Amino acid sequence: MKQSLFFNRELSWIEFNARVLYEACRKELPLIERLKFIAIVSSNFDEFFQVRVAAIKRLLSLSPHHKDPSGRTAEELLKEISVRCHQLIKVQHSCLATDVLPHLSQAGIAYIPPTSYTQAQKSYLASMFKNTIMPLLTPLRTDESFPTTENMRLYAAFRLKEIEGLHDGTNVFRTKQSSSPLALVGVPSNIERVIWLESGDNTKAFAVLDDVITTFGFILFPGYTVIDTLMFKVARDADFAVNESGSDFTKEMADVLVKRRSAKAIRLLCNAASSDITALLKEKLSLTDDDVYEFPGLIDPSTLLGITEIKEATPLMYSEWKNYYPVTLPENKPYWDTFRQRDVLLNVPYESYEPVIKFLNDAATDENVLAIKMTLYRTGSNSPIVKALEKASQNGKQVTVFVELKARFDEGRNLNWAKELERAGAIVVYGIVGLKVHAKLLLVIRKESDGIRRYVHLSTGNYNSKTARTYSDLSIFTSNRDIAADATTFFNTISGYSQFLDMKHLLMAPVNLKSRLLSLIEREISLSTPERPGLIMAKMNSLAHEAIINALYRASQTGVKVLLNVRGICMLVPGVKGMSENITVISIIDRYLEHSRIFYFQNGGAEELYLSSADWMPRNLERRVELMFPILDKDVFKSVKDALSIYFEDNSRSHTLLPSGKWKPNKKEKKEIEVRAQEILQKKYKKASEVQKKQPHNDFIIRRSQSQQS
């Protein structure tokens, strides 16, 4: 069989989740961390079906004979997706039910299923149901018209049977069409899913809200007995494009959020309690057998993450890795003088994200700061970044914020804080028609004794202080005049009517970033010799751009060594003789989510190194506003290159992509030293912090005579 030039994008993404699930199944990892990996798989699949599978189903109806770059039709792809996802979700539920939960119980944190409730626990939960839970529940009848179930909301289904002899024949609310009617009850999202119980021993016992509702839900139906129950969740099509030609973009975006709640059903996930109810739901939702994912037990493992908040869970988690304040920055005074002298690298979460917040807060209160311009994509709730921008605007600074409302699943939150910024007096620009603004850039303009100076922060990750604790990202602070001028050009281009002008250092998608990447690869090819082969090292979240992949194939064929660290999707096929034998692809899944994009080119010895907000995908290089920026400071250059190289030495948390599309876990040989990239980086920043603390303070103590002191 002829080797395909490309792996399928969706199947590659599924294999990323297989690698996450591999971590969940590693018995040597702490139990709570394994539970987190299980929950991540669930949330990832929820989004995958809402977006990617929905898009493929749409393609099937519009263009059934179309083949993707891997040679598959939509119908063939949907079948493969179903088979592989069923396999992985089966492993996921087995890992949870037969491994993680039993071992948690042995460790003193026990999940109690309904069949194991003690009489005291049952009485407590019955009282809680009647007084706290039941007032929030609304049973929906299904005999006359089947109700619309909300996207991604958990529901309990109850098959009922009328108790004979209780009705006098005049009750107008009795069902007329079924002797065993079905009722649906939405599970409230504003109640804690984990319910702690008295256990009578040293164990911390808990029930889950889902079980409590199915166990005591019969109280909702006087005159009927419950003969069957089922917990289920429906994923619906969320792949909606907002109408950007409308007169009110924010209203159009709000309409999309409403449509998403009741769009076409894509997947049914249920707990296999009742085949009759499952069959009815499948019929009413117009789903096939391939769309139904039916497994025993809890269908939403993220339910259990509430147990991570108790102190008993701490010994079952990773030991703490502190976020160290950068040794290159002063803690107790503004950074202006530091940034005038040199560029500063920030590597989160090994280093604290506090400098970004402090930099913005200092700018907000500094009387010499005139203006702040910033792009925002995902900031999280209760964001200190937004609060600092509001403060700056209220203090008379000219604040301009480029808010990307089209950040999928964060649209509602972005709408809310964009309005907050407008109320504070900031200028809010709601993205660009037809493009997503995904670049991460902050520009501060300050009046100083020698004139106006601009300070710039460029990042590979979002301005989100919460994800900065768990996402690995790189950013730089600089006052380099050329980069500052480029940043000004960038903001003028995306906010006004300016035609794009070439920038000296910054590369911008969709204008010239892709062409620059291709030229960098071609340059590496031209400079490579048998005596000194070229070298490309790149780290990213996803690799799916066909032109980039083909260029890397050409590089491999001319002897260039290509090392790729791709966390998620990888459509490139490595290790094929005559095509890609000089390309190695690894992926690292560890306690931090690898999110930084780093691109290194040997360039015949005149090395170049770039950071970027963009992955090597069509959407990033052609349909988004992205930035790639060079590392110009020699100390920062060395630090970033060293970190990039470490990833390719990892034999503890890495996998290697094989020509077959399978990923092989990398394990150290008997005589090898175990290398865990994230742990090495953590120790590096810990050591730097400890060394700094041992350094003598530079404050001068002045001695004066006794008479002078009086």
Side-chain angles (χ1 to χ4, degrees), residues 10 14 17-18 21 24-25 38-50 52-54 56-57 77-101 111 113-115 140 142 146-160 180 182-187 193 208-211 213-215 217 226-237 264-304:
E10 277 68 37
I14 291 171
N17 284 279
L21 186 55
C25 296
I38 289 173
I40 288 170
V41 171
S42 288
S43 62
N44 284 351
F45 274 130
D46 284 346
E47 182 172 339
F48 175 68
F49 279 91
Q50 290 177 83
R52 298 306 306 172
V53 176
I56 299 167
K57 288 198 168 194
L77 180 55
L78 286 171
K79 186 66 180 179
E80 288 190 62
I81 287 172
S82 176
V83 169
R84 185 59 172 144
C85 286
H86 274 89
Q87 291 172 347
L88 292 179
I89 295 175
K90 183 177 180 179
V91 172
Q92 178 199 25
H93 282 263
S94 175
C95 178
L96 177 66
T98 65
D99 187 355
V100 173
L101 287 179
Y111 161 59
T115 53
L140 302 173
T142 64
F146 199 83
T148 299
T149 55
E150 289 186 33
N151 184 37
M152 302 313 302
R153 183 174 182 182
L154 196 60
Y155 283 84
F158 296 87
R159 176 70 76 184
L160 307 174
S180 55
L182 182 72
L184 306 183
V185 178
V187 176
R193 307 294 295 283
V208 297
L209 180 62
D210 320 358
D211 291 341
I213 290 175
T214 54
T215 301
V226 174
I227 58 175
D228 225 343
T229 62
L230 181 81
M231 294 301 303
F232 72 94
K233 182 168 67 173
V234 179
R236 296 183 178 274
D237 186 350
K264 178 180 173 61
I266 302 298
R267 177 182 73 153
L268 172 66
L269 183 65
C270 56
N271 66 352
S274 168
S275 58
D276 288 343
I277 299 177
T278 301
L280 178 63
L281 290 172
K282 184 180 72 172
E283 175 193 344
K284 295 296 184 182
L285 295 168
S286 300
L287 296 173
T288 69
D289 289 342
D290 287 346
D291 302 321
V292 177
Y293 291 76
E294 194 175 22
F295 297 98
L298 296 168
I299 68 170
D300 188 358
S302 63
T303 294
L304 304 180

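Keep in mind that what you see is a predicted model, and the values were worked out from it rather than measured.
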*Considering all heavy atoms, the nearest T229-I277 contact*: C-CD1, 4.1 Å

_Between V226 and L160, is there a side-chain heavy-atom distance shorter than 4.5 Å?_
yes

*Thinking salt bridges, do K57 and D291 make one under a 4.0 Å N-O criterion?*
yes

*Locate the shortest heavy-atom distance separating H93 from L298; write the atom from each residue and the value.*
CE1-O, 2.9 Å

*Are the side chain of R159 and the backbone N or O of L230 linked by a donor-acceptor pair below 3.5 Å?*
no

_Backbone of R193 reached by a side-chain donor or acceptor of T303 within 3.5 Å_ = no

*Measure across A39 and S302 and return the closest heavy-atom pair with its distance rounded to 0.1 Å.*
CB-CA, 3.9 Å

_Separation between CG of D228 and OG1 of T214, rounded to the nearest 0.5 Å_ = 11.0 Å

*Would you check, one step at a time, whether the test side-chain contact (heavy atoms from CB on, under 4.5 Å) holds for R267 with V53?*
CA-CA 9 Å; R267 177 182 73 153; V53 176; over 6 Å; no

*To the nearest 0.5 Å, tell me how far E10 CD sits from F48 CZ.*
5.5 Å

_Would I299 and Y293 count as a side-chain contact (heavy atoms from CB on, under 4.5 Å) here? Give the steps._
CA-CA 10 Å; I299 68 170; Y293 291 76; over 6 Å; no

_Plane angle bin for F45 and F49 - parallel if under 30°, tilted between 30 and 60°, otherwise perpendicular_ = tilted

*Looking only at heavy atoms, what is the nearest atom pair of R236 and A265, with distance?*
NH1-N, 3.7 Å

*Do L101 and L304 come within less than 4.5 Å of each other through their side chains, counting heavy atoms only?*
yes

*asked:* Donor-acceptor check, side chain of N271 to backbone of M231, threshold 3.5 angstrom: yes or no?
replied: yes

*Any donor-acceptor pair under 3.5 Å from H86 side chain to E294 backbone*: no

*Would you confirm whether Q50, through its side chain, and D46, through its main-chain N or O, come within 3.5 Å as a donor-acceptor pair?*
yes

_Quick check against the 3.5 Å criterion: does S43 have a side-chain atom that pairs as donor or acceptor with the backbone of I40?_
yes

*Between D211 and Y111, does a side-chain contact (heavy atoms from CB on, under 4.5 Å) hold up when you go through it step by step?*
CA-CA 11 Å; D211 291 341; Y111 161 59; 2.5 Å; yes

_To the closest 0.5 Å, what do you measure between CG (N17) and CG (N44)?_
4.5 Å

_Which atom of C95 lies closest to which atom of A24, heavy atoms considered_ = SG-O, 3.6 Å

*Please round to the nearest 0.5 Å and tell me the distance separating atom CG of L21 and atom CG of L88.*
6.0 Å

_L281 and F146: CA distance, side-chain angles, deciding distance, side-chain contact (heavy atoms from CB on, under 4.5 Å) verdict_ = CA-CA 10 Å; L281 290 172; F146 199 83; 3.6 Å; yes

*Roughly how far, to the nearest 0.5 Å, is OG1 of T149 from CG of L285?*
5.5 Å

*With the side chain counted from C-beta on, respond yes when L78 and D290 share a heavy-atom pair under 4.5 Å apart, and no when they do not.*
no

*Do F158 and I213 come within less than 4.5 Å of each other through their side chains, counting heavy atoms only?*
yes

*Might you point out which heavy atoms bring D237 and I266 nearest each other, and give the distance in Å?*
N-CG1, 3.6 Å

*Rounded to the nearest 0.5 Å, what separation is found between the CD1 atom of I89 and the OG atom of S42?*
7.5 Å

_Does any part of the side chain of I14, heavy atoms only, come nearer than 4.5 Å to the side chain of C85, both counted from C-beta?_
yes

